[in-house]
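In what follows, a single structure is set out as structure tokens and then discussed.
Both backbone and side-chain heavy atoms feed into the values below; hydrogens, waters and symmetry mates do not. Only a predicted model underlies this, so the values are computations on that prediction, with no experimental measurement involved. Throughout, protein chains are lettered first and strands after them, A, B, ... in sequence-line order, and every chain is numbered starting at 1.
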2 protein chains.
Amino acid sequence: MLRLAKLTDYGTVIMTTLAQSKTRRSATDLASSASLPLDAARKVLKDLARAGLVQSERGAHGGYALARPATDISVTQIIEALEGPIALTECSIHDHRCEIEQSCGARSNWHLINRAVRMALDQVSLADLAVPGSGRIAALARRFAPPHAVSIPADSIQRMTQA
Amino acid sequence: MLRLAKLTDYGTVIMTTLAQSKTRRSATDLASSASLPLDAARKVLKDLARAGLVQSERGAHGGYALARPATDISVTQIIEALEGPIALTECSIHDHRCEIEQSCGARSNWHLINRAVRMALDQVSLADLAVPGSGRIAALARRFAPPHAVSIPADSIQRMTQA
DNA sequence: TATAATTAGGACCGATTAAGTCCTCTTTCA
DNA sequence: TGAAAGAGGACTTAATCGGTCCTAATTATA
């Protein structure tokens, strides 16, 4: 499934919450703020800390804060902190682990497709995510539209092709 | 895991194989051509047929062929035929199924991010995929690079941010 | 100095889902 | 009529995800 793990999703929500708050926040606090299961939030925060995206303080009045400005944290980094490198296909990352690698004509292209998707996510910063209806993200989506695009919203195309 | 299901991967390989062959091919034939497990190939082909991407003929000398030119089949269509709509997050597709939808500041942006990724995959046709080292896909990847890009390969950034 | 608050680091389990396998039915050609 | 081939679906196993819990280690404060 081309879907983020739920915990990754939680991660983006937590990071968004952190980006919007000035002070350090405890896991308990963040979980309730974002309406997330406490233990799941804890797990996610631990991973985010390990990846260096948030800074943690232990002890009473401890908690988490962004390790750097939200503009310097990309969605890619959040995703990869929580679920490892983005790899649409097995061969996008590990060479030689795919059994049909030799005979597969599509491999080199999957590398490139993977990179394109990764770049798309790379260009979305946490700061963008944290602003509802961010113009920058809308602009990104527009920029990714096909060059000779007719003006049909992607949604309707999807509906058409699935009929 | 932002990863395609293995069967979806098989699907792209099978479609690639079909795109490269002029005649109708049986499932057995295709599976051995692409070094895929026969039963898996069968399952994939059935789904592709149901989605209208390949045309099937039953009976002796039956088999599968592309339903239309490879240039008119996108990677998105293959993916969605095999695993349903592309939805990075729960809320990318179904509204109201996510419990924190109200409080979630990131939702509207995930819609757009999802669309951007989808557009990227939309622009890769089966014909592109079938040509090893397709220039069109490389060009796509290039076009997706950030506007004010420093010339650091995405790979090395990944390595840096994961250290 | 003891205690409460808080993160670190795992272990564990249940539920979901993917992948692979198998079976039966239908269609078509020789 | 039989063999080749697809259609449709059931079933099993393995993987993995999400949730929960437990035990340290750390820090402020009463």
Distance check: side-chain N/O of A:Ser56 vs OP1/OP2 of C:dA8, anything under 4.0 Å? yes
Please report, rounded to the nearest Å, how far the [atom2] atom of [N] is from the [atom1] atom of [X].
X	N	atom1	atom2	value
A:Arg50	C:dG9	CZ	C1'	7 Å
B:Leu82	C:dA19	CG	P	11 Å
A:Glu90	D:dA15	CD	P	14 Å
B:Met1	C:dT17	CE	P	10 Å
A:Gln55	C:dT7	CD	C1'	14 Å
A:Arg24	C:dT6	CZ	P	11 Å
B:Asp47	D:dG6	CG	P	14 Å

Flag yes if B:Met1 and A:Trp110 sit in one hydrophobic cluster, no otherwise; membership is Ile, Leu, Val, Met, Phe, Trp, Tyr, and two members link when side-chain heavy atoms are under 4.5 Å apart.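 Hydrophobic grouping puts B:Met1 apart from A:Trp110.
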Got a second to check how far A:Leu30's CG is from A:Leu18's CG, nearest 0.5 Å?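 So the gap between those two atoms works out to 5.0 Å.
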Measure the CG-CG distance between B:Leu82 and B:Leu48 for me, rounded to the nearest 0.5 Å.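 Between atom CG of B:Leu82 and atom CG of B:Leu48 there are 4.5 Å.
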Would you mind building the protein contact string for nucleotides 18-28 of chain D? One character per nucleotide, 5' to 3', B for base within reach (heavy atoms under 4.0 Å), S for sugar-phosphate only, - for untouched. SBBB---BBBS
Quick one: list whatever passes salt bridge (Lys or Arg N to Asp or Glu O under 4.0 Å) with A:Asp128, sequence neighbours left out. A:Arg136
For B:Glu80 and B:Arg118, run side chain to side chain contact (heavy atoms under 4.5 Å, CB included): C-alpha distance rounded to whole Å, both residues' side-chain angles, the deciding distance at 0.1 Å, then the answer. CA-CA 10 Å; B:Glu80 297 196 330; B:Arg118 201 170 177 287; 3.0 Å; yes
Partner residues of B:Ala138 under the side-chain contact (heavy atoms from CB on, under 4.5 Å) criterion, sequence neighbours left out: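 Result, side-chain contact (heavy atoms from CB on, under 4.5 Å) vs B:Ala138: A:Leu112, B:Arg142.
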